[in-house]
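What follows is one structure encoded as structure tokens, with my remarks underneath.
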Amino acid sequence: MSLIVGNWKMHKSLKEVKDYCKKINKCKLPMVLCPPFVYLHIMKELLNDNFELAGQDSSAHSNGPYTGEVSAEMLKEYCDYVIIGHSERRHHFNEKGPDLNKKIQRAQKAGLKVILCVGESLNQRVQNKTTNYIERQIRESLLNCSSNDIIIAYEPIWAIGTGRTPSLEEIEFIHQYIKAFTKESYGKEFKVIYGGSVDEKDVKAILSNKHVDGVLVGHASLDPNEFIEIAKISDKVKKK
Ligand code: PGA
């Protein structure tokens, strides 16, 4: 069974959220949705049991004077997962390996499954630095963390929101590489999911690769019909 995750980023009004839930509830396939924090409560109430929720980020602190932050413990009331280290957070909010490491430790203490995003820039890709960079991202982020319930989302930065995706061979190579690396470094193969311009047209080919354990979908998850289509296609691809 593939993991299908929809990352809404900073989109949707309350009215749109209610409409979305009504439409997507017709689908009985398992999916994970990551709305902005303020919608978690209502979505938990509105969505049927097939859905799980995820935070788009969580704090490195458990509570205290950290204006604007939301802790992993708070998220755990609504969520099973949290995304940590999305490239937009790394880029716009200057989040670095040690920051992500603290967030992951805190999220694990709270009992959340962590979706750790990694991925290279176009520059790094051109210079053939992709695998080194990804290894470093994983190592820094997971220092002294448990290897339980970590999912790696491979999201090449240049593919996010651009309509461009790596070739299927490249996707296979990187997923296989991350699995071999995690097996060697942490004693087990982590699940690895792909993100970056996934839509209903390319999801079948991507998920048909046996090394790809799911997809992290941004833009295409904003339309409930398109996201349902992605879940249906994934269901047909039938992973073990
Ligand atoms: P995209 O976003 O599908 O819109 O490229 C993916 C992501 O940022 O997680």
Side-chain angles (χ1 to χ4, degrees), residues 2-12 16 20 24 31-37 39-40 43 51-58 75 79-95 100 103-104 107 112-122 124-125 130 133-134 137-138 141 150-168 170-171 174-175 178 190-207 209 212-234 237:
S2 300
L3 184 64
I4 307 298
V5 186
N7 175 16
W8 285 3
K9 312 188 180 186
M10 199 172 73
H11 290 288
K12 294 201 182 293
E16 287 166 344
Y20 188 103
I24 206 151
M31 286 176 248
V32 180
L33 283 169
C34 323
F37 292 138
Y39 300 134
L40 287 169
M43 287 180 67
F51 293 90
E52 289 178 301
L53 292 169
Q56 295 178 13
D57 182 38
S58 64
L75 280 185
C79 300
D80 293 285
Y81 294 85
V82 62
I83 297 175
I84 302 281
H86 191 283
S87 62
E88 287 155 11
R89 296 221 49 95
R90 293 177 194 258
H91 177 69
H92 298 299
F93 305 99
N94 206 23
E95 292 190 358
L100 307 178
K103 290 182 175 202
I104 293 173
L112 290 167
K113 297 177 206 170
V114 171
I115 301 173
L116 169 63
C117 297
V118 299
E120 81 287 0
S121 65
L122 199 51
Q124 287 162 328
R125 181 173 189 246
T130 299
Y133 184 62
I134 288 173
Q137 285 185 311
I138 297 176
S141 308
I150 300 280
I151 295 133
I152 306 289
Y154 169 56
E155 298 207 304
I157 297 170
W158 52 272
I160 295 175
T162 59
R164 296 169 60 196
T165 50
S167 70
L168 293 172
E170 283 173 302
I171 292 177
I174 299 291
H175 281 65
I178 294 173
F190 290 179
K191 272 196 178 149
V192 187
I193 65 176
Y194 172 77
S197 294
V198 174
D199 60 22
E200 56 188 308
K201 290 190 281 309
D202 58 18
V203 70
K204 180 170 179 215
I206 292 170
L207 285 177
N209 189 293
V212 180
D213 299 310
V215 281
L216 179 49
V217 185
H219 190 76
S221 71
L222 291 173
D223 174 351
N225 296 325
E226 179 157 13
F227 200 45
I228 289 173
E229 236 1 82
I230 287 173
K232 283 187 180 159
I233 293 167
S234 142
V237 175

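Note that ligands are numbered from 1 as they come in the structure, with each ligand's atoms numbered from 1 the same way.
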d(I206 CD1, I233 CD1) to nearest 0.5 Å is 11.0 Å

What atoms of ligand 1 come within less than 4.0 Å of a heavy atom belonging to [X]?
X	value
K9	2 (O), 7 (C), 8 (O)
G196	5 (O)
N7	9 (O)

Heteroatom distance test (G161, ligand 1): nitrogen or oxygen, under 3.5 angstrom
yes

Using distance alone, decide if ligand 1 has a nitrogen or oxygen within less than 3.5 Å of any nitrogen or oxygen in G218.
yes

Please state whether A220 comes within less than 4.0 angstrom of ligand 1, counting heavy atoms only.
no

So is G195 in contact with ligand 1, going by heavy-atom distances below 4.0 Å?
no

Does some side-chain heavy atom of [Y] sit less than 4.5 Å from a side-chain heavy atom of [X]?
X	Y	result
I151	V5	no
I157	H91	no
S2	V237	no
Y81	L3	yes

Heavy-atom nearest option to atom 8 (O) of ligand 1, drawn from H219, H86, E155
H86

Counting heavy atoms only, which of G6, S197, S221 comes nearest to atom 1 (P) of ligand 1?
S197

Side chains of H86 and E155 only: does a donor on one sit below 3.5 Å from an acceptor on the other?
yes

Does only the side chain of I160 get under 4.0 Å from ligand 1, or the backbone, or both, or neither? Count heavy atoms.
both

Mutual orientation of the aromatic rings belonging to Y154 and H175 [parallel < 30°, tilted 30-60°, perpendicular > 60°]:
perpendicular

